[in-house]
Amino acid sequence: MKKLKETGPMVPKDRKKYSDIDRKTVEKNYRAKKILVYGIGPDEYNRVSTCDTAKEIWEVLKTTHEGTTQVKQSNIDMLTTEYELFRMNYDESIQDMHTRFTFIINKLHSLGDVIPKNKLVRKILSILPGSWESKVNAITEAKDL
């Protein structure tokens, strides 16, 4: 890009006037666009097909999947509440409970809210049924919780 005048708008440079840096920038953008486009499905491709740069594609995909900053924070708040209120269902196996728990934690992690492993372990131990009490006590008395 170049300016027409000192205070004028930016317009694309003529390809004949590209410097080595300009060529490398165009090549990097092409490679990044190719990687992004190859990694998405047809529905998402329709959203980004009009984007000119890899950065534009990335921003569209980011907004589509994470939402705006407000939506992202709302999702984090909702998942944090779900984590805090998490309980094992009466007729649920340990494996099913762990799968539900991991789903919540993974979604929080993908949104940038990482909960330390020791807190996760304590949470799991606190929601186990009474029949697990002796095992929970043994684990909580261990030094490396």
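Start at 1 with the first residue, then count along the sequence. If you're wondering where the values come from, they're calculated on a predicted model, not measured in any experiment.
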When rounded to the nearest 0.5 angstrom, what distance separates OG1 in T102 from CD1 in I124? 7.0 Å
Contacts of N106 that satisfy side chain to side chain donor-acceptor pair (under 3.5 Å) - sequence neighbours left out: none
Checking one residue: V26. Which other hydrophobic residues are in its cluster under the side-chain 4.5 Å linking rule? Y18
Do L111 and L61 sit in one hydrophobic cluster, given that two such residues count as connected whenever their side-chain heavy atoms are within less than 4.5 Å of each other, even indirectly? no
Where at least one partner belongs to residues 84-95, residue pairs that pass side-chain hydrogen bond (donor to acceptor under 3.5 Å, both in side chains), sequence neighbours excluded: E92-R100, S93-D96
Do L36 and V48 come within less than 4.5 Å of each other through their side chains, counting heavy atoms only? no
Return each pair, listed once, that meets side-chain hydrogen bond (donor to acceptor under 3.5 Å, both in side chains) where at least one residue sits in residues 41-50; pairs must be two or more places apart or across chains. E44-H65
Are F101 and V121 linked, directly or through other ILVMFWY residues, by side chains that come within less than 4.5 angstrom of each other? yes
Which residues satisfy the side chain to side chain donor-acceptor pair (under 3.5 Å) test with Q73, sequence neighbours excluded? D77
Gap between atom CZ of R122 and atom CD1 of I127 - 0.5 Å precision: 15.0 Å
Less than 4.5 Å apart, side chain to side chain, heavy atoms only: is that true for L108 and V114? no
Name all residues meeting the salt bridge (charged side-chain N to carboxylate O under 4.0 Å, His left out) criterion together with D20; count only those two or more places apart in sequence or in a different chain, and write none if there are none. R23
Does M78 sit in a hydrophobic cluster with other residues, and if so which ones, taking ILVMFWY side chains as linked at heavy-atom separations under 4.5 Å, directly or through other members? none
One should read off an interatomic distance between I76 CD1 and S110 OG, to the nearest 0.5 angstrom, of 8.5 Å
C51 to V60 - nearest heavy-atom pair and separation: SG-CG2, 3.9 Å
Within the distance-only criterion (no hydrogens, no angle test), does the side chain of S126 pair as donor or acceptor with the backbone N or O of K123 below 3.5 angstrom? yes
Any side-chain heavy-atom pair from T63 and V71 closer than 4.5 angstrom? no
Run the side chain to side chain donor-acceptor pair (under 3.5 Å) test against T81 and tell me which residues pass, sequence neighbours left out. none
Has the side chain of K33 got a donor or acceptor atom that lies under 3.5 Å from a matching backbone atom of D52? yes
Could you state the interatomic distance from CZ (F86) to CD1 (I104), rounded to the nearest 0.5 Å? 5.5 Å
According to side chain to side chain donor-acceptor pair (under 3.5 Å), who are the partners of Q70, at least two apart in sequence or on a separate chain? none
L128 and M97: which non-hydrogen atoms are nearest, and at how many Å? CD2-CE, 4.0 Å
Roughly how far apart are T80 OG1 and L85 CG, rounded to 0.5 Å? 10.5 Å
Working to the nearest 0.5 Å, report the span between CD1 of I57 and NZ of K34. 13.0 Å
Residue list, side-chain contact (heavy atoms from CB on, under 4.5 Å) with K24, at least two apart or on another chain: none
Name all residues meeting the side-chain contact (heavy atoms from CB on, under 4.5 Å) criterion together with K28; count only those two or more places apart in sequence or in a different chain, and write none if there are none. none
Those residues at least two apart in sequence (or on a different chain) that pass salt bridge (charged side-chain N to carboxylate O under 4.0 Å, His left out) with E82 are none
Evaluate the side-chain proximity of W58 to T53: yes if any heavy-atom separation is below 4.5 Å, no if none is. no
